[in-house]
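Bear in mind that the values here come from a model prediction, so they are computed numbers and not experimental data.
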Amino acid sequence: MLGTQKRWQEDLFVAGPLSSLIPDDHILKRVDKIMDLSWLRDEVKDLYCSDNGRPGIDPEAAVRLMLAGFFQGVVHDRKLMREAQVNLAIRWFAGYRLDEKLPDHSSLTKIRQRWGVERFKKIFFKTVQSCIDASLVNGETVHVDATLIRADVSWESLATEHIETVVKENDDGADDNSKGPGRPRSRKPKAKKISTTDPDATMTTSSHNCRMEPFYKQHGAVDDICGVVVDVDITTGQQSEGSQLPDQIKRIESNTGRQIKTLSGDAGYAHGKNFEHLEEKNIDAIIPPQNEHNSPRHLPARRFKYDAKNKNVKCPAGKILTRRTENKQGWIYRSTAKDCCNCALRKRCLGANSKSRTIMISNGYEAMLRARRRRRKPDKKFIETYSRHRWKVEGMHGEAKTQHGLRRAVRRGLANVAIQAYLTAAVINLKRLVTFADGFYSDISNYLAQILALSKIVFACERNLGNNGTGYCQLVKI
């Protein structure tokens with residue numbers, strides 16, 4: 001029989017609480033059971049006047065509105081407040097009744113400006129601590145990686161920086177014969193593009209095949225056990241992730257309260273200084289060194305033997321290269337023109353107009369050599385840990401971009417992008433915590449324990465049955 005739904009008469013009263021209209025498996029209802037923001041009011045009360053002015057928005061309600069938006073993938077305030085007007089789950093999660101007026105979208109902007117970055121960073125820290133209390137964080141094995149976040153600027157806002165004017169002002173009228181900072185430059189500086197609407201965003205690219213765009217960069221760290229985000233930091237797009245590693249290690253150990261034993265990263269972290277720093281801290285570095293050039297025009301640097309004891313370099317022909325100058329990257333070793341003049345390897349080693357060979361020995365060069373030797377014959381730990389690195393930390397970045405709107409910055413300025421990153425990381429950690437609270441990880445642990453017990457039984461059967469039990473044992477292990 002064809003049914004009919006009468007929808008012309010509106011209900012004046014609704015029997016039952018608002019929570020009864022929200023499914024029990026809804027993400028906001030699950031998060032509400034484990035999230036505690038009771039500390040937030042005391043944290044921000046010094047920013048408000050206690051005896052004057054209109055009552056402001058409840059701090060917990062404001063944060064709950066922001067987090068609800070990130071859970072739903074709604075990161076713009078206007079769209080969030082429109083969604084909250086019709087979304088019962090967001091209203092209930094933030095503590096607003098059906099007939100209660102929601103705050104204006106501009107109020108959330110003013111709250112972010114008033115609170116500042118540090119208070120939103122503390123919200124993220126609280127989620128990390130909650131995951132530590134729930135035994136979701138070990139802190140011994142950590143995966144680090146960086147990703148680019150497209151700035152919220154248009155191509156029309158990009159302008160060419162007048163580098164010639166800047167260089168002239170920095171030189172401060174030095175004469176042509178000076179050898180100091182005012183020395184005339186042999187090569188004309190290349191013009192750079194900057195954004196007039198968001199100067200904090202810098203031009204960079206993730207690949208040589210892609211054009212340069214205004215980006216920010218997020219440096220993230222994920223614990224190995226359950227993929228909990230233990231550190232997040234935002235810099236301009238031009239900052240190298242390798243140069244941020246020492247400070248990142250300090251923040252991770254401070255956030256977790258535990259010392260790192262194993263750290264994995266991609267080739268962007270494969271600097272000699274990083275390998276040396278990790279060795280000094282007794283951290284096992286699961287970082288593949290960058291590949292050397294397969295077909296160099298001249299003899300590669302690996303053919304030159306570095307003597308750390310005597311601080312010199314020996315070339316393939318047996319000649320000694322001595323230290324000459326030092327820069328930020330390391331020491332420059334140079335041979336003499338006399339040694340290279342009659343050398344049999346001159347054509348293979350030097351260019352047509354070169355008189356001597358120069359070799360750069362970067363800081364931490366010996367640690368880099370040890371890492372390269374390990375990479376040629378990687379052990380089981382290296383292979384397994386780096387395979388988890390790909391889907392742990394890179395998966396976290398993908399989750400933040402595809403599900404929580406971190407692919408593009410919502411607002412402009414380094415501080416606003418940092419707030420967006422902290423709230424996104426907090427949402428990801430809350431999802432991990434909810435999954436644990438629902439018993440998923442405990443069920444998986446019980447399942448793995450059963451598989452292990454079954455494997456021991458099968459191995460015992462194999463010993464008793466001989467070769468007849470081999471196929472059955474292999475099937476169970478698979």
Side-chain angles (χ1 to χ4, degrees), residues 14 16-24 26-130 403-406 410-411 415-416 418-431 433-434 437:
V14 178
L18 187 59
S19 59
S20 63
L21 303 177
I22 305 171
D24 292 335
H26 195 281
I27 182 62
L28 295 182
K29 201 167 187 178
R30 295 160 59 195
V31 168
D32 183 71
K33 298 177 181 178
I34 53 95
M35 189 173 66
D36 181 20
L37 292 175
S38 59
W39 56 272
L40 189 59
R41 176 176 290 274
D42 293 334
E43 180 70 23
V44 301
K45 67 180 182 181
D46 60 321
L47 302 176
Y48 297 85
C49 183
S50 59
D51 56 359
N52 192 15
R54 290 187 307 169
I57 302 174
D58 181 70
E60 183 173 351
V63 172
R64 282 175 172 266
L65 280 172
M66 297 179 195
L67 292 177
F70 280 94
F71 273 112
Q72 305 289 336
V74 181
V75 293
H76 294 88
D77 292 339
R78 289 179 183 268
K79 188 176 180 180
L80 171 61
M81 300 318 297
R82 290 196 189 104
E83 180 68 20
Q85 289 180 356
V86 298
N87 193 315
L88 296 179
I90 296 180
R91 274 185 173 272
W92 171 82
F93 185 72
Y96 287 92
R97 300 182 178 88
L98 286 175
D99 58 343
E100 196 170 358
K101 185 178 178 180
L102 293 169
D104 189 76
H105 68 87
S106 61
S107 300
L108 300 182
T109 302
K110 295 176 182 178
I111 286 175
R112 284 190 295 268
Q113 294 174 350
R114 176 176 293 181
W115 290 8
V117 179
E118 292 301 322
R119 286 174 174 83
F120 287 94
K121 184 189 295 187
K122 191 168 185 178
I123 294 174
F124 163 67
F125 288 163
K126 289 290 185 178
T127 63
V128 176
Q129 187 60 47
S130 297
Q403 299 182 23
H404 305 295
L406 198 61
V410 184
R411 285 161 286 274
N416 284 324
I419 292 174
Q420 182 182 355
Y422 287 131
L423 291 177
T424 303
V427 165
I428 293 176
N429 286 347
L430 289 172
K431 289 167 63 177
L433 194 60
V434 164

Undergrad: For Arg411, give me all partners under salt bridge (charged side-chain N to carboxylate O under 4.0 Å, His left out), at least two apart in sequence or on another chain.
TA: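 With neighbours one apart ignored, the set is Asp77.
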
Undergrad: Quick check: do Lys45 and Leu47 have side-chain heavy atoms less than 4.5 Å from each other?
TA: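 Side-chain contact under 4.5 Å: no.
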
Undergrad: Rounded to the nearest 0.5 Å, what separates atom CG in Leu80 from atom CG in Leu102?
TA: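 Leu80 atom CG to Leu102 atom CG measures 9.0 Å (nearest 0.5 Å).
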
Undergrad: Please check this pair: side chain of Gln420 against backbone of Val410, looking for a donor-acceptor N/O pair closer than 3.5 Å.
TA: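 Yes: the side chain of Gln420 pairs with the backbone of Val410.
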
Undergrad: Are Gln72 and Lys79 close enough that a side-chain donor and a side-chain acceptor fall under 3.5 Å?
TA: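 Distance-only check fails for Gln72 and Lys79.
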
Undergrad: If you compare all heavy atoms of Met66 against all heavy atoms of Leu108, which two are closest, and at what distance to 0.1 Å?
TA: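 Looking at all heavy atoms of both residues, the closest pair is CE-O, 4.0 Å.
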
Undergrad: Lys126 and Val128: side chain to side chain contact (heavy atoms under 4.5 Å, CB included), yes or no, with the steps?
TA: CA-CA 5 Å; Lys126 289 290 185 178; Val128 176; over 6 Å; no

Undergrad: Taking Tyr422's backbone N and O only, do any of them form a donor-acceptor pair with Lys121's side chain (distance below 3.5 Å, no angle check)?
TA: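 No, because the side chain of Lys121 does not come within donor-acceptor range (under 3.5 Å) of the backbone of Tyr422.
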
Undergrad: Measuring from Ile90:CD1 to Glu83:CD, what's the distance to the nearest 0.5 Å?
TA: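 Spacing of CD1 (Ile90) from CD (Glu83) equals 5.0 Å.
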
Undergrad: Does any pair with a residue in residues 80-117 pass ring-ring contact (aromatic ring centres under 6.0 Å, His included), and if so which ones, sequence neighbours excluded?
TA: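 Found Trp115-Phe120.
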
Undergrad: Side-chain contact test, heavy atoms from C-beta onward, threshold under 4.5 Å: evaluate it for Arg64 versus Asp32 and give yes or no.
TA: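 They are in contact (side-chain heavy atoms under 4.5 Å apart), so the answer is yes.
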
Undergrad: Between Asp104 and Arg82, does the salt bridge (Lys or Arg N to Asp or Glu O under 4.0 Å) criterion hold? Intermediate values first, please.
TA: CA-CA 10 Å; Asp104 189 76; Arg82 290 196 189 104; over 6 Å; no

Undergrad: To check you understand the geometry: which heavy-atom pair defines the closest contact between Ala61 and Ala94, and what is its length?
TA: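 Distance-wise, the nearest heavy atoms are CB-O, 3.5 Å.
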
Undergrad: On a heavy-atom basis, which atom in Gln403 and which in Lys431 lie closest, and how many Å separate them?
TA: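 Nearest pair, atom of Gln403 first, then Lys431: OE1-NZ, 3.1 Å.
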
Undergrad: Any cation-pi pair here, Arg114 with Tyr48, using under 6.0 Å and within 45°?
TA: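 Yes; both conditions hold, so Arg114 lies above the ring face of Tyr48.
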
Undergrad: Could you give the distance from CD1 (Ile57) to CD1 (Ile111), rounded to the nearest 0.5 Å?
TA: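 With rounding to 0.5 Å, CD1 (Ile57) is 4.5 Å from CD1 (Ile111).
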
Undergrad: Over all heavy atoms of both residues, which pair between Leu433 and Ser130 is shortest? Give the atoms and the distance, please.
TA: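 Scanning both residues, the minimum pair turns out to be CD2-CB, 3.7 Å.
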
Undergrad: How many angstroms lie between atom NE2 of His26 and atom CG of Leu28, to the nearest 0.5 angstrom?
TA: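 Nearest 0.5 Å value for the NE2-CG distance: 5.0 Å.
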
Undergrad: Among Leu430, Leu67, Val427, which residue satisfies the side chain to side chain contact (heavy atoms under 4.5 Å, CB included) criterion with Val31?
TA: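 Of the listed residues Leu430, Leu67, Val427, the side chain to side chain contact (heavy atoms under 4.5 Å, CB included) partner of Val31 is Leu430.
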
Undergrad: Roughly how far apart are Ile428 CD1 and Leu423 CG, rounded to 0.5 Å?
TA: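 Those atoms lie 11.5 Å apart.
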
Undergrad: Applying side chain to side chain donor-acceptor pair (under 3.5 Å), which residue pairs with at least one partner in residues 33-43 are found, sequence neighbours left out?
TA: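 Every pair satisfying side chain to side chain donor-acceptor pair (under 3.5 Å) with a residue in residues 33-43: Asp36-Ser38, Arg41-Asp58, Glu43-Lys122.
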
Undergrad: So, for Leu65 and Pro103, which heavy atoms are closest and what is the spacing to 0.1 Å?
TA: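 Closest heavy-atom pair between Leu65 and Pro103: CD1-CG, 3.9 Å.
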
Undergrad: For the CZ atom of Phe124 and the CD1 atom of Ile419, what is their distance to the nearest 0.5 Å?
TA: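 Going from CZ on Phe124 over to CD1 on Ile419, the span is 14.5 Å.
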
Undergrad: Starting from the C-alpha separation in whole Å, work towards a yes-or-no answer on side chain to side chain contact (heavy atoms under 4.5 Å, CB included) for Val75 and His404.
TA: CA-CA 8 Å; Val75 293; His404 305 295; 6.0 Å; no

Undergrad: If you take all heavy atoms of Ala418 and Val117, which pair is closest and at what distance?
TA: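 Smallest interatomic distance, heavy atoms only, reads CB-CG1, 4.1 Å.
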
Undergrad: Is the backbone of Arg91 close enough, under 3.5 Å, to the side chain of Arg97 for a donor and an acceptor to pair up by distance?
TA: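 No, because the side chain of Arg97 does not come within donor-acceptor range (under 3.5 Å) of the backbone of Arg91.
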
